[in-house]
Amino acid sequence: MAGGSRGGFPAWMTAAAARIDLSGGAAATSGSQPPQPGPSPAVVADQELGMAERALSAASAAFISAIIVNPLDVAKTRLQAQAAGVPYYQAPQMAALGPDAILSELRCSPSCTRGIILGSEPICPPDCFQYKGTVDVFLKVVRQEGFGRLWRGTNAGLALAIPTVGIYLPCYDIFRNKIEDFTRSNAPGLTPYAPLVAGSVARSLACIACSPIELARTRMQAYKEFQPGVKPPGMWKTLLGVLSPHASPSQNVQNYRVLWTGVGAQLARDVPFSAICWSTLEPIRRKLLGLVAEDGDAASVLGANFAAGFVAGSLAAGVTCPLDVAKTRRQIEKDAQKAMRMTTRQTLVDILRSEGPKGLFTGVGPRVARAGPSVGIVISFYEKHGIPQICLVYASHSSFGQRKVW
């Protein structure tokens, strides 16, 4: 990332950070307060963040991001799963749960205009349970399943986000700095490609390590629990359900390969996403930070980080949407043998033949709406000159009698 010291920002950045208080005003100068002994804030700001600090900062950002954007992730997955044939209604003759349960299951959503009144409940025909867009998913999930189901899979999302970003961003920083050092000395023309290569390698490591959790989250968000009052399976039960068809008295490593179902599609999605995101984010951020060089307060630094992350994340999410659709298709396939035989290329071809180009971009709206703020939040928290480092500067500054700002 641009936050690494060897490939970092110019010296004005740390000077700007050292001037800012919480309200955006200037910190006390020698004219208003005598200088105090101790290390200079600029020195503190230039300190290299260690691997543990980077991982903790990245994981904290991922934690907040996962909670905020989870409803958009649910909407995206439901739209993609519906296109794959996952049903979101249960026919009355098959419900066998009694009249009350049936009426509860077939309640009209606010967007339905074809419902009929049966008893005291408006009842919808089955096709009214089809999702028609992101907002329609929100309305129907809240109406039919409850508000809390918009955060379905959040525990898996948190379990996924923390190690994924904790691996991804620190590794990206390390790889990028080393690649830039090497290319500056041996092939200067290749230095601009360092973010692309570093992001791709770091993302590959994170995807492979955390693929089983991604599988659980996708299935948790894709499938709807039809029995009122029954708690849907959590992350561990979902993973055990994936494993159960492969259980055998002589359980071996081969049986666990199913937990990495769709990892090829996930890599095919996330590696280009990372390459596009970082190669776009870095120049945008440097340009924005250059524009605020004269007035580089905390708000402008964080704003530049967030804006660059938002634009880069949105662009990368839109471009890689077809690969995200393929990943979802592979991970929600309940026929274990078929899932193991599926390939990303075959899945994309099948979608194109059966649904046309539009099918490859199912759920692109919530995916882009999710990725933009998510990347912006992560970058704002993780960036060396973002929240963690500004906190570090002022924690040190305030310990010697200066004003505390965070």
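Owing to the predicted nature of the structure, the values given are computational and were not obtained by experimental measurement. The figures here come from the full heavy-atom set of this structure, side chains too, leaving out hydrogens, waters and symmetry mates.
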Going by side chain to side chain contact (heavy atoms under 4.5 Å, CB included), name the residues that satisfy it together with [X], two or more places apart in sequence or in a different chain.
| X | answer |
| --- | --- |
| Val311 | Ile284 |
| Val319 | Ile276, Leu315 |
| Thr191 | Glu180, Thr183, Arg184 |
| Ala159 | Ile213, Met235 |

Side chain to side chain donor-acceptor pair (under 3.5 Å): which pairs involve [range], sequence neighbours left out?
| range | result |
| --- | --- |
| residues 310-328 | Lys76-Asp324, Gln80-Asp324, Gln80-Thr328, Glu214-Lys327, Thr218-Lys327, Arg269-Asp324, Thr320-Arg367, Lys327-Gln331 |
| residues 150-161 | Asn70-Thr154 |
| residues 350-366 | Arg329-Glu355 |

In residues 258-265, what donor-acceptor pairs under 3.5 Å come from side-chain atoms, sequence neighbours left out?
{"residue": "Trp260", "atom": "NE1", "partner": "Ile208", "partner atom": "O", "Å": "2.9"}
{"residue": "Thr261", "atom": "OG1", "partner": "Val258", "partner atom": "O", "Å": "2.5"}

Listed by chain and number, what are the side chain to side chain donor-acceptor pair (under 3.5 Å) partners of [X], not counting sequence neighbours?
| X | answer |
| --- | --- |
| Ser200 | none |
| Thr347 | none |
| Ser211 | Gln266 |

Inset, instruction - Please check if any side-chain donor atom of Tyr168 sits under 3.5 Å from a side-chain acceptor atom of Ser274, or the reverse. - result: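 Per modelled atom types, Tyr168 and Ser274 side chains form a pair under 3.5 Å.
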Inset, instruction - For Arg370, check salt bridge (charged side-chain N to carboxylate O under 4.0 Å, His left out) against everything at least two apart and list the hits. - result: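 With sequence neighbours excluded, Arg370 shows a salt bridge (charged side-chain N to carboxylate O under 4.0 Å, His left out) to Asp73, given in chain and number order.
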